[in-house]
Peer 1: 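Sharing a structure here in structure tokens format.
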Amino acid sequence: GENVEQHPSTLSVQEGDSAVIKCTYSDSASNYFPWYKQELGKRPQLIIDIRSNVGEKKDQRIAVTLNKTAKHFSLHITETQPEDSAVYFCAVYGNNRLAFGKGNQVVVIP
Amino acid sequence: NAGVTQTPKFQVLKTGQSMTLQCAQDMNHNSMYWYRQDPGMGLRLIYYSASEGTTDKGEVPNGYNVSRLNKREFSLRLESAAPSQTSVYFCASSEAPRGNSPLHFGNGTRLTVT
């Protein structure tokens with residue numbers, strides 16, 4: 001099955017700096033790549049997603065880039081704010097199923 | 001528009017007891033899911049339903065049963081709860097099958113089995 005890995009497991013950043021989280025996958029046929037944000041005690045919520053026919057997508061301070069050759073995609077958060085502190089899960093859709101990574105803890109230090 | 005609604009929010013069971021987690025969505029989605037979330041394990045799929053009357057096992061189906069009552073409702077049943085089933089359970093729905101479009105999650109059920 002699909003092997004989805006996220007790095008680093010924990011990331012601490014100063015408020016205002018940028019944060020980058022990388023997600024690697026194994027199945028080259030995968031074609032849909034969402035990112036979910038989960039605040040403490042809350043439900044996961046989609047923040048951005050990308051399909052395999054697109055290399056980059058932006059939504060205000062958040063962007064996702066996809067490198068199909070290297071089989072990885074990254075979440076970029078610019079001008080981080082305390083409310084960006086959360087666990088971020090990447091997921092990969094391929095072979096008729098969705099596989100989640102184990103999550104990255106992002107801590108924004110005021 | 002409530003989205004995905006789960007009940008109960010919290011539950012404590014003794015080993016061997018049974019219970020049903022309820023889930024309903026009002027987005028007219030065909031696909032519905034049950035996940036469990038344990039520390040450090042991410043989200044693991046228990047069962048999936050593509051439409052009313054159809055269900056498929058996910059990664060961790062043992063000890064669970066599901067019922068897709070109609071298009072809106074998808075319930076998860078623990079027949080004989082075990083401490084290993086202590087977890088947070090999330091129901092979700094999506095427009096496209098099998099997670100090929102955004103998942104909309106409920107607020108979760110925190111279950112403790114003693």
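In what follows, chains are A, B, ... by sequence order, proteins preceding strands, each numbered from 1.
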Peer 1: Quick check on A:N96 against chain B: is it the side chain, the backbone, both or neither that has a heavy atom closer than 4.5 Å?
Peer 2: both
Peer 1: When rounded to the nearest 0.5 angstrom, what distance separates OG in B:S101 from OH in A:Y93?
Peer 2: 9.5 Å
Peer 1: For atom CD of A:Q60, decide whether the heavy atoms of other residues, nucleotides or ligands shown that lie under 6.0 angstrom number more than 12.
Peer 2: no
Peer 1: Would you mind telling me which of A:F89, A:Y36, A:F100 makes a ring pair (Phe, Tyr, Trp, His ring centres under 6.0 Å) with B:Y35?
Peer 2: A:F100
Peer 1: NZ of B:K71: more than 12 outside heavy atoms within 6.0 angstrom?
Peer 2: yes
Peer 1: Could you see if A:L46 belongs to whatever hydrophobic cluster contains A:V106? Use Ile, Leu, Val, Met, Phe, Trp, Tyr and a side-chain cutoff under 4.5 Å.
Peer 2: no
Peer 1: Between CG of B:L45 and CG of A:L98, what distance do you get to the nearest 0.5 Å?
Peer 2: 8.5 Å
Peer 1: Tell me, with the steps shown, if B:R98 and A:N95 meet side chain to side chain contact (heavy atoms under 4.5 Å, CB included).
Peer 2: CA-CA 10 Å; B:R98 297 194 173 274; A:N95 198 25; over 6 Å; no
Peer 1: Measuring from atom CD of A:Q45 to atom NE2 of B:H104, what distance do you get when rounded to the nearest 0.5 angstrom?
Peer 2: 10.0 Å
Peer 1: State plainly whether one hydrophobic cluster holds both A:I62 and A:Y32, where clusters connect Ile, Leu, Val, Met, Phe, Trp and Tyr through side-chain heavy atoms under 4.5 angstrom apart.
Peer 2: no
Peer 1: Heavy-atom distances under 4.5 Å only: say whether A:P44 touches chain B with side chain, backbone, both or neither.
Peer 2: both
Peer 1: Measuring heavy-atom distances to chain B, does A:Q105 have an atom under 4.5 Å in its side chain, in its backbone, in both, or in neither?
Peer 2: neither
Peer 1: Quick one: do B:I46 and B:V88 end up in the same hydrophobic cluster if we chain Ile, Leu, Val, Met, Phe, Trp and Tyr together by side-chain heavy atoms under 4.5 Å apart?
Peer 2: no
Peer 1: Please say yes or no: joined through hydrophobic side-chain contacts below 4.5 Å, possibly via intermediate residues, are B:L76 and B:V4 part of one cluster?
Peer 2: no
Peer 1: What is the distance from atom SG of B:C91 to atom CZ of A:R43, rounded to the nearest 0.5 Å?
Peer 2: 11.5 Å
Peer 1: Near A:Q81 CD, under 6.0 Å, is it more than 12 heavy atoms from other residues, nucleotides or ligands?
Peer 2: yes
Peer 1: In the structure I gave you, are the side-chain heavy atoms of A:K42 and B:F105 within less than 4.5 Å of one another anywhere?
Peer 2: no
Peer 1: B:L103, A:Y25: one ILVMFWY side-chain cluster at the under-4.5 Å cut-off?
Peer 2: no
Peer 1: Distance check, rounded to the nearest 0.5 Å: B:Y48 atom OH versus A:R97 atom CZ?
Peer 2: 13.0 Å
